[in-house]
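Nothing here was measured: the structure is a model prediction, and the numbers come from that model. Heads up: numbering here begins at 1 and tracks the sequence.
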Amino acid sequence: MTPDRTLRLCGLAVACVLTMSIAAGPSVADERLTEAQAQRASQNYQQYCALCHGKDREGHANDHAPSLRSKSLMEAGQLERFMATAYGRPGTPMAGFYTDIGGPLGKDEVRQLTFWLESQAGVTQIGLDEAPIAGDIELGRSLYAAQCSSCHGDSGQGVTGTALGNPAMLAMTRDSFVRHAIAEGRQGTPMQAFSDQLSNDEINALTAFIRSRATGWAVRKPVLRTPPAPEQYVLNPQGEAPTFDLVDDHYVMADDLYAAIQQKRRMVLLDTRNMALWQLSHIAGSVPLPYYYDRGDFTELAADLPRDGTWIVTYCECPRAAADYVNAKLADLGFENLAVLYEGAFGWIGLGYPVSFGETTVSSKISLDQTRDESN
């Protein structure tokens with residue numbers, strides 16, 4: 001069996017948010033807020049967002065929070081804004097507001113706030129390409145130093161502009177979202193449009209350079225690790241079984257799972273995401289069992305799981321779709337004592353619980369194309 005080695009940082013995250021949005025109701029193009037929903041979204045904005053983004057969405061009231069009036073921002077990346085509001089930007093003052101990670105807003109409230117902001121800006125979503133953007137990273141490096149570093153920082157740390165070196169921000173945004181911001185600027189802010197100053201190739205180069213910093217400002221070449229062997233599947237094999245208080249007889253909360261791990265309870269953790277995301281980071285000790293394996297491969301892998309009543313906890317990114325899917329397949333195969341991590345990987349990280357990061361070697365010269373080629 002050959003695991004998927006496509007190391008894309010943001011693809012599954014964006015796809016999962018899209019799944020959540022569709023599952024919860026109509027798409028953005030079809031959504032029309034009721035008067036009550038719009039009023040509630042306006043109140044939520046004033047209560048939770050205005051302190052930093054300004055009472056009239058003008059931005060930069062505190063902590064360099066961006067303007068939410070900007071046409072170029074509001075017409076692009078509805079999924080990115082949903083992600084930013086729901087899960088925040090770890091490492092920056094922008095916290096997540098989704099209830100699953102301890103915030104005050106439910107999923108519908110986050111979605112309605114996103115739609116309300118668009119309606120206030122009076123924009124129509126332009127639709128962004130999902131494909132990665134190829135460009136000359138070395139050219140992008142020199143352009144960044146000349147054009148961007150004074151506002152965004154020599155190491156992407158942010159000065160008066162956004163912290164472009166923030167891994168969470170880059171992991172949750174598509175290449176096309178970054179490119180659109182460079183080309184069109186952010187109206188009403190110091191961020192100017194570069195479409196009339198740089199060529200298409202130069203904008204692509206700058207985009208590729210910024211994207212190449214998704215795992216840190218010093219480019220790190222991934223070293224793919226070998227998944228655990230079957231004899232390593234069970235965590236704490238001599239430990240006692242956990243006593244989970246499941247929600248809806250199905251979901252385990254992150255607090256309870258973390259407590260069980262700390263207590264060295266016997267269990268199996270299955271990471272059901274894209275294999276590339278397991279390589280990037282995962283809950284320590286988890287075994288990759290991606291949702292997309294076909295029936296034969298899935299059954300073969302599942303054959304190595306214990307059938308003695310050991311608890312098996314699945315988790316994914318979004319926060320439950322893939323984990324629920326794999327959980328159901330295991331149930332069909334006769335496994336018992338199954339649970340799904342309610343908050344998912346983003347929620348786990350948002351709550352501050354630890355993950356095991358992928359192995360990397362620092363290489364300032366590696367190109368994005370090289371990374372993609374060597375990962376296939």
Check the surroundings of atom CD in E231: do more than 12 heavy atoms from other residues, nucleotides or ligands lie under 6.0 Å from it?
yes

Determine whether the side chains of R179 and N204 contain a donor N or O and an acceptor N or O closer than 3.5 Å.
yes

So does P306 get a backbone contact from the side chain of T310, meaning a donor-acceptor N/O pair under 3.5 Å?
no

Please check if the side chain of Q46 supplies one atom and the backbone of Q43 the other of a donor-acceptor pair under 3.5 Å.
no

Atom pair CD/OG1 of Q78 and T114 - distance to nearest 0.5 Å:
5.5 Å

Does the side chain of D324 pick up a donor-acceptor pair with the side chain of H250 at under 3.5 Å?
yes

Rounded to the nearest 0.5 angstrom, the OG-CG distance for S286 and L270 is 8.5 Å

Under 3.5 Å side-chain donor-acceptor pair for E202 and Q197:
no

Does A163 offer a backbone N or O that forms a donor-acceptor pair with the side chain of H152 under 3.5 Å?
no

Side chains of H180 and E75, donor plus acceptor under 3.5 Å:
yes

Please say whether more than 12 non-hydrogen atoms of neighbouring residues, nucleotides or ligands are located less than 6.0 Å from CD in Q39.
no

Is the backbone N or O of K71 less than 3.5 Å from a side-chain atom of Q187, with the two atoms forming a donor-acceptor pair by type?
yes

Please determine if R320 and E343 form a salt bridge, counting it only when a charged side-chain N lies under 4.0 Å from a carboxylate O.
no

When rounded to the nearest 0.5 Å, the distance separating CG of L139 from CG of D201 is 8.5 Å

Any chance you could measure L235, atom CG, to Q232, atom CD, to the nearest 0.5 Å?
10.5 Å

Does this structure show an ion pair linking D129 with R174, if we count only N-O contacts that are shorter than 4.0 Å?
no

D56 side chain to E58 backbone, donor-acceptor under 3.5 Å
no

Ring centroid separation F298 to Y293 under 6.0 Å
no

So do L257 and L269 actually touch side chain to side chain, heavy atoms under 4.5 Å?
yes

Can any side-chain N or O of D175 pair as donor or acceptor with the backbone N or O of I133 at less than 3.5 Å?
yes

Looking at A61 and A50, what are the two nearest heavy atoms and their distance?
CB-O, 4.3 Å

Any chance the side chains of Y353 and D255 put a donor and an acceptor closer than 3.5 Å?
yes

Nearest-0.5 Å distance that lies between atom OH in Y251 and atom CG in L341
11.0 Å

Shortest non-hydrogen contact from L330 toward A302
CD2-CB, 4.2 Å

Indicate if L198 and V178 have the same hydrophobic cluster label, given that clusters are the connected sets of ILVMFWY residues with side-chain heavy-atom separations under 4.5 angstrom.
yes

Does D294, at its CG atom, have more than 12 non-hydrogen atoms belonging to other residues, nucleotides or ligands within less than 6.0 Å?
yes

Could you tell me whether E240 atom CD has more than 12 heavy atoms of other residues or ligands within 6.0 Å of it?
no

Give a yes or no on whether D196 atom CG has more than 12 heavy-atom contacts from other residues, nucleotides or ligands under 6.0 Å away.
yes

Please check if the side chain of R69 supplies one atom and the backbone of Q120 the other of a donor-acceptor pair under 3.5 Å.
no

Would you call the rings of Y98 and Y87 parallel, tilted or perpendicular, taking 30° and 60° as the class edges?
perpendicular

Report yes or no: does D304 contribute a side-chain atom to a donor-acceptor pair with the main-chain N or O of P230 at less than 3.5 Å?
no

Determine the interplanar angle of the F244 and W311 rings, folded into 0 to 90°, and report it as parallel if under 30°, tilted if 30 to 60°, perpendicular if over 60°.
perpendicular

Is the shortest distance from a Lys or Arg side-chain nitrogen in D308 or R266 to a carboxylate oxygen in the other one below 4.0 Å?
yes

Evaluate whether atom CD of Q262 has more than 12 neighbouring non-hydrogen atoms of other residues, nucleotides or ligands under 6.0 angstrom away.
yes

Salt-bridge criterion met for D108 and R111 (N-O under 4.0 Å):
yes

From CD1 (I210) to CG (L164), nearest 0.5 Å:
5.0 Å

Heavy atoms from other residues, nucleotides or ligands near OH of Y325 exceed 12 (cutoff 6.0 Å):
no

Could you give me the CA-CA distance, side-chain angles and deciding distance for Y315 and W348, then say whether ring pair (Phe, Tyr, Trp, His ring centres under 6.0 Å) is met?
CA-CA 10 Å; Y315 72 89; W348 178 269; 7.8 Å; no

Do the non-hydrogen side-chain atoms of F335 and I312 ever get within less than 4.5 Å of each other?
yes

Do the side chain of S67 and the main chain of G59 share a donor and acceptor less than 3.5 angstrom apart?
no

